[in-house]
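Working notes, beginning with the structure itself.
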There are 2 protein chains.
Amino acid sequence: MTIKEVAERAGLSVATVSRALSGRGHVSETARTLSAQAARELGYVASYNAASLASGRSKNVGLVVPWVNRWFFSTVIETASTVLAADGYDLTLYYLGGGKRERDLVFSDFLLRKRVDGLLAVSLELDDAERADLLRVGTPVVCIGGVMPGVSTVSIDDFATARLATAHLIALGHERIAHLGWEGPGDFDLATTRQGGYAHALSEAGIALAPELLVLGDFTMAEGYAAAKRLLSDPRLCPTAIFAASDEMAIGAITAARDLGLDVPRDVSVVGIDGHDLGPVFGLTTVDQHVREQATQAAALLLGLLDAEPGEREPVHAELEVDLVVRTSTMVPNADRPSSR
Amino acid sequence: MTIKEVAERAGLSVATVSRALSGRGHVSETARTLSAQAARELGYVASYNAASLASGRSKNVGLVVPWVNRWFFSTVIETASTVLAADGYDLTLYYLGGGKRERDLVFSDFLLRKRVDGLLAVSLELDDAERADLLRVGTPVVCIGGVMPGVSTVSIDDFATARLATAHLIALGHERIAHLGWEGPGDFDLATTRQGGYAHALSEAGIALAPELLVLGDFTMAEGYAAAKRLLSDPRLCPTAIFAASDEMAIGAITAARDLGLDVPRDVSVVGIDGHDLGPVFGLTTVDQHVREQATQAAALLLGLLDAEPGEREPVHAELEVDLVVRTSTMVPNADRPSSR
DNA sequence: CTGTTAGCGCGTTCAT
DNA sequence: ATGAACGCGCTAACAG
């Protein structure tokens, strides 16, 4: 089923059919109708590969993610996929979680094979070699929720977001506030990260940062549960509140508290960051970072870059507002909290 | 950066370099070394599009999913991606959740553009037109967790799995067992579905099926929470146990019970199906369906079909064993359960 | 084992 | 507005 057969059936040349079907170039109304009808009757759709080779555009974007099985990422994937599909773009997924070897392959091989017109990179922490590979691909890149010099970015202010969450707890009267956060990359920067915002909010309030209340890792909900359980069951620590860097960790923490016989928020307050779909179910107070909006803007931004001339592709940095959503997982600290086991 | 430049640098013809780099055809050791070295120095990697056009193989498989943001699906995606990447295959994601129009586009357009060598379809319920489109693509298809005549399948026995879960509750002494299940497609079949297994287990035990305890929908964890809350707070119903068709619904049910002041398992037992990562956290009794193993087998099966000659592609049906994992969300029913509000 | 040649199926000139 | 011819980058068939 090639365009040639369609052309014969329509009684036109391949060139005219190509123009009619792709919408590029001027074609008479009758030619357009004829082409469309012949294509429909034959069930013809152009081959991406051939079109790509001839035009240089592949109508495909790559989405690079460190995980799929986490709310933030799966939400970005769903949203980006929908936005891109509406413009006729396929989405090729590059999942980095399969181990060091697979990860290397993605950067040194898959991404360089010119299969994609552009790249969406989600929360990527890259080393220098990887960053170089990524830029060497030569296609437009838009990052979501991560920093990369010289590349367009859609993000939130992590520092301010964490500060907002922590300040909410402080305003309620909490002082022993634990933090479940992320292990930063090498070039970790206190001034731009959630951990930094946490520390800043504490110092603003004249509260000393207690290192034993700072738990860094890379936590799923299950790992957040385990970490919170350790934190809450250690009699020397006695935090009255927990600020988790993600809603999944926060939900894990709430579950851990309950399993220890603690009441949330009476015995311990919990706040997260995300705007997770499960927030309402757990009554979770959180800072909503409007993930779907971030993904939509990032995809739209990338589509814009793909339309623009290669020379006209100035990096854009969009920063979205966040919103504190107060539910029932936070309240003023309880003086006579039962000692947990 | 084309293969031609590599050939010139290596002092060989493009054909030889192509053979050397792709591993197809016989090439001398020296030619292989020369080609590899020239390619490395130039940072050359072959274009998928051009290779695909010439060879008919695109080294890309499509993965069609109704959702990303659910544990079962995101787990399949991660696993399949890893397996396929190890064989040099890219993974293009076709997400069907973006609305009816997007869904139609996938079947009538995207999938027909010869971008993929094969298709992995996860838990798809297709109408006749979509099924026809899918088969018209002409590439090998492997289904996971769904039925499609004439297509290779990796699945579990849904009927037996649900029967096992229900029988576990019955063996403990439960009789008023609610079910949170899925709305079936048009050609819904009691003999092969989870709802069917549930009904069968009840009738085996001489327990009448109570229609008011059967709640069908298409539930996320949050919706499962809401459904369970209605079920458990209706004083006329009083189920002593809930069997959920997925672990996410089951976890939602556990959370709902807790919020109603009910103790799990003392006041209500809950069992699910999946083997969800969060199962241990919630003490969830479940039937593990070994999702990663299913995805691995499906991906491997597809890779096998891609290697085979088009004539030698007999549909294969692999059915995996499931395992009942008893944790702490199920126990014998409590005679004097407090009436819930 | 290697080089030459001929497409793969399109989009895009350049004529008309 | 349309058609003929060319070429995108690569692999496959055919010689040698």
Side-chain angles (χ1 to χ4, degrees), chain A residues 1-36 38-39 42-60 88 90 109 112-117 138-139 306, chain B residues 1-36 38-39 42-60 88 90 109 112-117 137-139 306 309:
Chain A
M1 180 74 320
T2 73
I3 197 174
K4 193 177 166 194
E5 304 175 49
V6 179
E8 285 166 0
R9 187 170 177 67
L12 297 164
S13 74
V14 286
T16 304
V17 173
S18 171
R19 284 187 279 249
L21 260 32
S22 70
R24 299 182 158 260
H26 289 198
V27 180
S28 71
E29 196 51 50
T30 59
R32 187 183 313 285
T33 313
L34 251 42
S35 301
L42 267 45
Y44 168 83
V45 284
S47 152
Y48 273 128
N49 289 316
S52 163
L53 197 55
S55 71
R57 285 166 275 105
S58 69
K59 282 293 209 176
N60 187 29
D90 275 356
D109 225 277
L112 299 178
R113 291 186 177 244
K114 310 196 191 325
R115 175 161 281 166
V116 300
D117 293 334
T139 66
L306 296 180
Chain B
M1 181 73 319
T2 72
I3 197 174
K4 195 176 164 195
E5 304 175 50
V6 178
E8 285 165 0
R9 186 175 180 90
L12 296 165
S13 73
V14 283
T16 303
V17 172
S18 171
R19 283 187 281 248
L21 260 33
S22 71
R24 300 183 159 260
H26 289 199
V27 181
S28 71
E29 194 52 50
T30 60
R32 187 182 314 284
T33 312
L34 251 41
S35 302
L42 267 43
Y44 168 84
V45 284
S47 152
Y48 273 127
N49 289 316
S52 163
L53 194 56
S55 70
R57 284 167 276 105
S58 68
K59 282 294 213 175
N60 187 29
D90 275 354
D109 226 277
L112 300 177
R113 291 182 177 254
K114 310 198 190 327
R115 175 161 281 165
V116 300
D117 292 335
V137 180
T139 66
L306 295 180
E309 295 305 308

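Lettering of chains follows the sequences in order, A, B, ..., and the numbering in each one begins at 1.
As rounded to whole Å, 10 Å separates atom P of C/dC10 from atom CZ of B/R113. When rounded to the nearest whole Å, the span between CG of B/L34 and P of C/dC1 equals 16 Å. Atoms CG (B/L53) and C1' (D/dG7) sit 12 Å apart, rounded to a whole Å. Between the P atom of D/dA1 and the CZ atom of A/R24 lies a distance of 17 Å, rounded to the nearest Å. Distance A/K4 NZ to D/dA5 P: 13 Å, rounded to the nearest Å. The distance from atom CG of B/N49 to atom C1' of C/dG11 is 14 Å, rounded to the nearest whole Å.
Between A/E5 and A/T2 the shortest side-chain heavy-atom distance falls below 4.5 Å. Side-chain contact check for B/R115 versus A/S58: some heavy-atom pair is nearer than 4.5 Å.
Nearest-nucleotide positions on DNA chain C for B/K114 and B/V27 put B/V27 closer to the 5' end. Projected onto DNA chain C by closest heavy-atom contact, A/I3 and B/H26 fall at different nucleotides, the more 5' of which corresponds to B/H26.
Side-chain proximity of A/A50 to the nucleotides D/dG3, C/dC8, C/dG9 is greatest for C/dG9. Side chain of A/S28, nearest nucleotide from D/dA1, D/dC10, C/dG9: D/dA1. With C/dG11, D/dG3, D/dG9 as the candidates, the nucleotide lying closest to the side chain of A/L12 is D/dG3. For A/S22, taking side-chain heavy atoms from C-beta onward, the closest of the listed nucleotides C/dT2, D/dG9, C/dG11 is C/dG11. Side-chain proximity of B/A51 to the nucleotides C/dG11, D/dG3, D/dT11 is greatest for D/dT11. Listed nucleotides D/dC8, D/dT11, D/dA4 differ in distance to B/R57; the shortest reach to its side chain belongs to D/dT11. With C/dC8, D/dA4, C/dC10 as the candidates, the nucleotide lying closest to the side chain of A/Y44 is C/dC10.
OP1 or OP2 of D/dG3 has at least one side-chain nitrogen or oxygen of A/S13 nearer than 4.0 Å. Using a 4.0 Å cut-off, some side-chain N or O of B/S18 falls inside it from OP1 or OP2 of D/dT11. In this structure, B/T16 reaches the C/dG3 phosphate: one of its side-chain N or O atoms is under 4.0 Å from OP1 or OP2.
Residues A/M1 and A/L42 share a closest heavy-atom pair of SD-O, 3.3 Å. Heavy-atom minimum distance, A/A20 versus A/S35: CB-OG, 3.5 Å.
Residue contacts shown for A/Y48 are absent, as no nucleic acid heavy atom lies under 4.0 Å away.
You'll find a donor-acceptor pair under 3.5 Å spanning the side chain of B/R19 and the base of C/dG3, going by distance alone.
Between the side chains of A/D117 and A/T139, not a single donor N or O lies within less than 3.5 Å of an accepting N or O.
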